[in-house]
Amino acid sequence: GDSVIQMQGQVTLSENDFLFINCTYSTTGYPTLFWYVQYSGEGPQLLLQVTTANNKGSSRGFEATYDKGTTSFHLQKTSVQEIDSAVYYCAMSDPGYQNFYFGKGTSLTVIP
Amino acid sequence: AQTIHQWPVAEIKAVGSPLSLGCTIKGKSSPNLYWYWQATGGTLQQLFYSITVGQVESVVQLNLSASRPKDDQFILSTEKLLLSHSGFYLCAWSRGNNQAPLFGEGTRLSVL
């Protein structure tokens, strides 16, 4: 069945470190993929949407890349800051954009 | 600009009591609407989605039901709460195909 696997449960970095979070997906065809960020006590916010058309997306200093060959997509940021501390979720939609599948989330802590 | 409002912000309820959570979207006609559930420290599980008034599709029921009585309103309810219903309930909307869901601020439910 359709699924998204996000292996990194917790990541701790120092300010100005490089961030890399990877997800893999399982489905038929080429889905649209998303990254969300959730701050404590709030609803998730859409960070990036990446479709097969562009393979990459960027927002707020984050960049997402989509590799159809390995059915993986990752989120990276060159230099993280303390305000980036949050939980990051990768997600995938079904072709009809009616069902969305989320990974387990990566809790990022950035130490000043 | 579109806004999404969930109510109540938080609830403490007894096992076996009824529940009704609400969500309103302003500034967008005929949005796609979604309900998600998030256990403490867990991922987002889609419960229901609706593409039009009066039509709701179940993804995972968890002894809950949903209704869309108006174009801009989505209701989540149950007649009898279980301990396992505790968590964070999130309503989301999207413009339709090819668009990611955008989340509200959520309702935190504690069932005792």
Quick one: do A:V4 and B:W37 end up in the same hydrophobic cluster if we chain Ile, Leu, Val, Met, Phe, Trp and Tyr together by side-chain heavy atoms under 4.5 Å apart? no
Cluster link A:F34 to A:L47, ILVMFWY, side chain under 4.5 Å: no
How about B:Y49 and A:F100: are their ring centroids closer than 6.0 Å? no
Side chain, backbone, both or neither: which part of B:L90 has an atom under 4.5 Å from a heavy atom of chain A? side chain
Pick from A:S93, A:A91, A:G103 with the largest number of heavy-atom pairs that fall under 4.5 Å of chain B: A:G103
Shared hydrophobic cluster for B:V60 and B:Y89 (ILVMFWY, side-chain gaps under 4.5 Å): yes
Decide if atom NZ of A:K68 counts as having more than 12 heavy atoms of other residues, nucleotides or ligands within a radius under 6.0 Å. yes
Chain A contact via B:E57 - which portion, at a heavy-atom distance below 4.5 Å: neither
Determine the minimum heavy-atom distance between B:A100 and A:Y36, stating which atoms define it. CB-OH, 3.4 Å
Interface check, chain B: of A:G41, A:S107, A:P44, A:G43, most non-hydrogen pairs under 4.5 Å belong to A:P44
Just give me the residue among A:Q45, A:K104, A:Q6 that pairs up with chain B most often, heavy atom to heavy atom, under 4.5 Å. A:K104
Around atom CG of B:L83, are there more than 12 heavy atoms of other residues, nucleotides or ligands at under 6.0 Å? yes
Same apolar cluster: B:L62 and A:F102, side chain cutoff 4.5 Å: yes
Enter the distance from A:Y101:OH to B:Q46:CD here, rounded to the nearest 0.5 Å. 8.0 Å
Look at atom CD of B:Q55 and say whether more than 12 heavy atoms of other residues, nucleotides or ligands are closer to it than 6.0 Å. yes
With a 4.5 angstrom heavy-atom cut-off, which part of A:Q38 approaches chain B: side chain, backbone, both or neither? side chain
Atom pair OG1 (B:T43) and OH (A:Y89), whose distance is rounded to the nearest 0.5 Å: 5.5 Å
